[in-house]
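These figures come from a predicted structure and were not determined experimentally.
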Amino acid sequence: MGYLSSAMDMIRVKWEMKTSSVKLGSDQEDLRYCYDVLNSVSRSFAVVIQKLNDPDLRDGICIFYLVLRALDTIEDDMSIPVEFKLKELPKFHTHLDDPEWSMSNVGKGREMELLENFPRVSREFHKLKEQFQVVIKDICESMANGMCDFLQRPVVTSEDFDLYCFYVAGLVGHGLTRLFASCHYEDEHLADDLTNSRHMGLFLQKTNIIRDYFEDILEDPPRVFWPRDVWSKYAVDLKEFKDRANEKKGLECLNELVTGALQHIPYVIDYLSQLREPSVFQFCAIPQVMAMGTLAAVYNNPDTFHIKVKMTKAASCRAMIHSTDMYNTMEMFMVHIDEMMQKLNPSDPHYEEALQSLTKSREIMTNLRKSNPPVPYMRSLMARYPGLGGQLLLTMIDHVSAYFSTSEVGTVKA
């Protein structure tokens, strides 16, 4: 049954990727182009964006993602002099107000094309709600300034590591939360405290950085994001972990970083528990489940220093299909927590810390599952597609059920 279930999940994901395109009018060519680029530069992320029920929020997040992707393309291009980046990045957000601005020969593939066709993005930007525009420009400016900070200095301390991850991902969490609070689907007070959203971003970014050791160390010059105050306890040079002879020390360093990332899980859980709209919940939950699965895959795994370690395709598809409510999301989190607990090494210096973090998180999730029973699949499906009349049907069903429930109680009393 497990194989059959995994096969069905993979089939459903493949089908959703083929059918998730947004229906647009013939007069929306710029927006059509934006979604086309989005599908090319991040297929899995494009799917969850396009499944958002609110068209305004969906378009806003699409443009938000492309603006930050364009910014990141400039920062990430190692062929561009640092001096140019320090001049260009801080003013990048102002180009959203310049309908003619574009940049050529930066980045590769469709990222390069995105910068070359940036006027199409800026035109769509100005069609968004004013509050969405404010958020996007604000986050873009803050992120650019943070990038410039770390272009001029390395990630030395664990505090630097947290700060860098905040600039490139925590700020995204802030921006998304402000967008959610600006639409009518989520509580308008969701953005009053952005602590949890910061931890959401840090959890994702730290996971990516830990996993991407092999790719980053092969860059010329190598891209070093692991904090020096951690890896220097185990090696003179970060490259040493590529040598099988240094495997034990490399794993101790890897496990320390993974253990540090676990601190964010309780905040992630708390954030997800506050969301009420199904498509927004799924949008936020899927990346977090995948991050937990990735951490479980890289933990105590020497392959991390030689290849890009990933979750299995079956596990990834399961996350995309079943991250529909707290009950199922917590179940998948716990599956990956259990995988990691089975890999814990009592001789590892950070064994006790990792065990305590995982145990605490598992207890929180177990209690949440008790108070959040699973949503029946058909009810979940109807709630996610209100345009098909699902919400109206659910309302009718609830009223009829309540009527008969009341009638039955009255009969018993009589």
Residues 82-93 vs side chain to side chain donor-acceptor pair (under 3.5 Å), sequence neighbours excluded, gives Glu88-His95

Leu218 meets the side chain to side chain contact (heavy atoms under 4.5 Å, CB included) criterion, sequence neighbours left out, with Phe214, Lys242

Item to complete: Quick one: sort the Phe180 and Phe283 rings into parallel, tilted or perpendicular, breaks at 30° and 60°.
Response: perpendicular

Sequence neighbours excluded, the answer for ring-ring contact (aromatic ring centres under 6.0 Å, His included) partners of Phe118 is Phe92, Trp101

Sequence neighbours excluded, the answer for side-chain hydrogen bond (donor to acceptor under 3.5 Å, both in side chains) partners of Lys248 is Glu252

Notebook entry, point to check: Counting only heavy atoms not in Lys233, do more than 12 sit closer than 6.0 Å to its NZ atom?
Noted result: yes

By salt bridge (charged side-chain N to carboxylate O under 4.0 Å, His left out), Glu353 pairs with (sequence neighbours left out) none

* Is it true that a side-chain atom of Asp138 and a backbone atom of Val134 form a donor plus acceptor pair closer than 3.5 Å? -> no

Residues at least two apart in sequence or cross-chain that pass side chain to side chain contact (heavy atoms under 4.5 Å, CB included) with Val135, listed by chain then number, are Ile139, Arg178, Leu179

Review point. So, the side chain of Ser197 versus the backbone of Leu194: is there a donor-acceptor pair under 3.5 Å, distance only?
Key: yes

Quick note, salt bridge (charged side-chain N to carboxylate O under 4.0 Å, His left out) partners involving residues 181-197, not counting sequence neighbours, are none

Criterion salt bridge (Lys or Arg N to Asp or Glu O under 4.0 Å) on Asp36 and Arg110, from CA distance to verdict = CA-CA 10 Å; Asp36 181 54; Arg110 298 218 72 178; 2.8 Å; yes

Residue set satisfying side chain to side chain contact (heavy atoms under 4.5 Å, CB included) with Ser182, at least two apart, ordered chain then number -> Gln131, Phe132

Hits for side chain to side chain contact (heavy atoms under 4.5 Å, CB included) against Thr312, two or more places apart or cross-chain, chain-then-number order -> Ala314, Ala315

Residues 212-226 vs side chain to side chain donor-acceptor pair (under 3.5 Å), sequence neighbours excluded, gives Asp76-Arg223

Tyr33 meets the ring-ring contact (aromatic ring centres under 6.0 Å, His included) criterion, sequence neighbours left out, with none

Contacts of Arg276 meeting salt bridge (charged side-chain N to carboxylate O under 4.0 Å, His left out) (sequence neighbours excluded), chain-then-number -> none

Exercise. For the pair Asp149 and Arg153, find out whether any cationic side-chain nitrogen is under 4.0 Å from an anionic carboxylate oxygen.
Key: yes

For Asp243, does its backbone N or O pair with a side-chain atom of Glu247 as donor and acceptor, under 3.5 Å? no

Cationic N near anionic O, under 4.0 Å, Lys137 to Asp97:
yes

_Glu331 with Arg318: basic N within carboxylate O range, under 4.0 Å_ = yes

Pairing of Lys360 and Glu363 as salt bridge, 4.0 angstrom limit: no

| said: We want to know whether Glu256 and Tyr234 form a side-chain donor-acceptor pair, criterion being a heavy-atom distance below 3.5 angstrom. | reply: yes

